[in-house]
Peer 1: 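What follows is a structure written as C-alpha cells; I'll ask about it next.
Hydrogens, waters and symmetry mates play no part in the numbers below; they use all other heavy atoms, side chains included. Residue numbers begin at 1 in each chain, while the letters A, B, ... track the order of the sequences.
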Amino acid sequence: MSIKKKKKLTPTQQEYQQFAQEREPKRPILKNCVKAFVVGGIICTFGQVLQMFFIKYFHFSQENAGNPATAVLIILTVLLTGLGVFDHIAQFAGAGTVIPITGFANTIASASIEHRTEGYVLGVGGNMFKLAGPVIVYGVFSAFVVTLVVISFRALGVM
Amino acid sequence: MLKGHQTWVFETKPTIIASAAIGGPYEAKGPLASDFDLLHGDIRLGQDSYEKAEQKLQEQACETAIKKAKMKKEDVQFLLSGDLINQIVPSSFSARTLSIPFLGLYGACSTSMEGLSLASLLIESKFAKNALVCVSSHNAASEKQYRYPTEYGSQKPPTAQWTVTGSGAALLSDQGEGPKVTASTIGRVIDMGLTDPFNMGAAMAPAAVDTLEAHFRDLDRDPSYYDLIATGDLGRVGHRIAGDLLKKHGLNIPEEILTDCGILIYNEDQPVVMAGGSGCGCCAVTTFGHFLNRMRKKELRKILVVATGALLSPMSFQQKESIPSVAHAVSIEI
C-alpha cells in the first residue's frame with residue numbers, strides 16, 4: 001500500500017490491516033506464473049501451428065497467415081465461453097489465457113452473454129465493450145503516442 | 001426491551017414456527033444438502049434471467065415456510081425481505097406475487113438477522129401475530145452486478161468467496177412450537193479501511209467482533225452460554241481473523257463452538273469456492289435450514305447467529321471508497 005493511502009488511515013485501522021494481513025493466505029504468485037507460462041505457451045504454440053497450417057494448405061503468405069489463425073483462436077474462445085468452460089480454464093491459467101487474444105475475445109463474449117437479458121441494443125450492444133472498451137481506448141491512444149514519437153525522431157533524422 | 005446499549009431482549013419469545021431453505025446446484029454438492037427443502041440443478045431455475053431466478057427462489061422459500069406451518073398467506077401480516085440486487089427488486093417482485101404487506105430491507109449479507117430482529121420486534125410489540133422473514137442471493141446475479149460477467153475469465157485470489165445461490169425464510173409467530181428468538185444485538189457500522197472486494201472476510205471480521213463484544217457486554221453473558229456461535233459469511237479467511245481478534249480483545253470463545261456459515265455450506269475441496277460462501281443467502285439457508293433443523297432435533301439448544309454484511313456498492317468501490325461493514329446478532333433458543 002502506498003504511503004499516501006496509509007496516512008489517511010487511523011492508527012487502529014493500520015493496526016488491524018497489519019493484523020489481518022498476517023492471517024490472509026497469500027496469492028501463490030510463483031505457482032500462478034508457472035501455470036500462466038505453460039498455458040499461455042500452449043495457446044501460442046497452437047496459434048503457431050494454425051499459422052503454419054494456413055501457410056501450407058491455404059497458401060497464405062507468412063505475414064497474412066496470422067489473421068485466420070487469430071480468427072480461429074477467437075472463435076474457439078467464444079465457443080468455450082458460451083459453453084461455460086472458459087472461466088474455469090482461466091481460474092487455473094490466470095494471465096496465461098488473459099494475455100493472448102483469447103482474453104480479449106472472452107471479455108467481449110462474456111459481457112454480451114451476460115447482458116443479453118436487457119435486449120440486443122442496450123444490453124448486448126451497450127455492454128459488449130464494457131471490459132474490452134478500456135483496452136481499445138488505451139491501446140489506440142498509446143499507439144498514437146508511439147507513432148508521434150517515431151515521426152518526430154524520423155523528422156530529426158535520428159532513425 | 002432494551003438492555004445495555006444496543007441489545008433487545010424479547011420477553012414474549014417470538015417463535016419460529018416454520019422455516020425453509022432453497023438452494024442451487026453448488027449448494028446441492030455441499031455438505032448441508034440434506035437440510036434444504038428444495039435444491040435446483042439449473043442456476044436459472046427455468047427463468048429467462050438470473051434476477052427472475054432469484055425472485056423465484058424467494059417465492060419458493062416463502063411458500064414452503066407458509067405451507068410447513070399449515071397456514072395460508074393471508075394469515076401472515078407482514079413480509080420482511082431483502083437481497084443484494086439493485087433496488088432489491090427480487091424481494092419487491094416476490095412480494096408482489098405473495099401479496100403480503102411488505103417491508104423491504106437492505107443490510108447486505110446481514111439482512112437475514114436484521115429481518116429476524118425486526119420481525120421479532122413486530123411480534124413482541126404485538127404489531128403482528130405472524131411475520132415472515134425472507135432473504136436471498138443468487139451467485140450469477142450478484143457476480144454480474146458487483147464484479148465481472150459470470151463467464152469472464154479472471155483469476156480469483158484465495159481470499160475470494162463464492163456467493164450462495166439460495167433463499168431462506170422463517171415464519172415467526174406469537175404462539176406455537178419451535179425455536180424461539182430471545183435476544184438480538186444491532187451492530188454498528190465498522191470500517192477498518194479495507195478496499196479489496198475480493199477479501200470481504202477481512203473487511204467484515206471487525207464488525208462481527210464488535211457486535212459479539214456488545215452482545216456479551218449488554219447481556220452480561222459468557223460465551224459458554226451458547227452451544228454454537230456462528231458468524232454469517234466471513235469464510236475461512238475472515239473466520240480466522242475474527243477468532244484471533246476476539247482473543248486479542250479478551251473474549252474467549254471456545255474454538256469448537258465458534259463457526260461460520262460460509263465455511264459450513266461448502267466442502268473445502270469444492271472448486272471455485274475459494275475461501276467459502278458469502279451473500280445474504282449464505283447465512284439465511286444455513287440458519288433457517290441447517291441450524292434450525294439441528295435445534296428441532298435437540299442437537300443444539302442455544303445458538304447465536306451473527307450475520308455480517310459488507311456495505312459496498314460497485315460504484316463506491318470504483319470510487320476508491322473503503323468497505324464499511326455491519327453485523328447483527330440474534331440469539332435463538334429452544
Peer 1: Let's test your reading of the structure: which of B/Val237, B/Thr150, B/Asp48 forms the most heavy-atom pairs below 4.5 Å with chain A?
Peer 2: B/Thr150
Peer 1: Please classify the contact of B/Lys248 with chain A as side chain, backbone, both or neither, using a heavy-atom distance under 4.5 Å.
Peer 2: side chain
Peer 1: Is there a donor in the side chain of B/Asn86 and an acceptor in the side chain of B/Gln145, or the other way round, less than 3.5 Å apart?
Peer 2: yes
Peer 1: When rounded to the nearest 0.5 angstrom, what is the spacing between CG in B/Leu245 and CG in B/Leu212?
Peer 2: 10.5 Å
Peer 1: I'd like to know if the side chain of B/Ser325 reaches the main chain of B/Ala207, judged simply by a donor and an acceptor atom lying under 3.5 Å from each other, with no hydrogens or angles considered.
Peer 2: no
Peer 1: In terms of heavy-atom pairs under 4.5 Å with chain B, which of A/Gly82, A/Ala109, A/Ala90, A/Pro28 leads?
Peer 2: A/Ala90
Peer 1: With a 4.5 angstrom heavy-atom cut-off, which part of B/Ala275 approaches chain A: side chain, backbone, both or neither?
Peer 2: neither
Peer 1: Quick one: pull up CE in B/Met274 and CZ in B/Phe198 and give me the separation to the nearest 0.5 Å.
Peer 2: 9.5 Å
Peer 1: Identify which of B/Ala140, B/Pro149, B/Gly153 forms the greatest number of heavy-atom pairs closer than 4.5 Å to chain A.
Peer 2: B/Pro149
Peer 1: Could you tell me which non-hydrogen atom of A/Gly96 sits nearest to which non-hydrogen atom of A/Ile43, and how far apart they are?
Peer 2: O-CD1, 3.7 Å
Peer 1: Verify the neighbour count for atom CD of B/Glu255: are there more than 12 heavy atoms of other residues, nucleotides or ligands below 6.0 Å?
Peer 2: no
Peer 1: By a 4.5 Å heavy-atom criterion (distance strictly below it), what part of A/Ala93 contacts chain B: side chain, backbone, both, or neither?
Peer 2: backbone
Peer 1: Shorter than 4.5 Å, heavy atoms on both sides: which option in A/Glu114, A/Arg27, A/His88, A/Glu15 has the most such pairs with chain B?
Peer 2: A/Glu114
Peer 1: Check whether B/Asn199 gets within reach of chain A through its side chain, its backbone, both or neither, counting any heavy atom under 4.5 Å.
Peer 2: side chain
Peer 1: Taking side chain as everything from C-beta outward and backbone as N, CA, C, O, which of these in A/Thr117 sits under 4.5 Å from a heavy atom of chain B? Side chain, backbone, both or neither.
Peer 2: side chain
Peer 1: Name the member of B/Ser49, B/Pro158, B/Ser322, B/Ser154 that forms the most heavy-atom pairs with chain A at distances under 4.5 Å.
Peer 2: B/Pro158
Peer 1: Is atom CZ of B/Arg188 surrounded by more than 12 heavy atoms (other residues, nucleotides or ligands) closer than 6.0 Å?
Peer 2: no
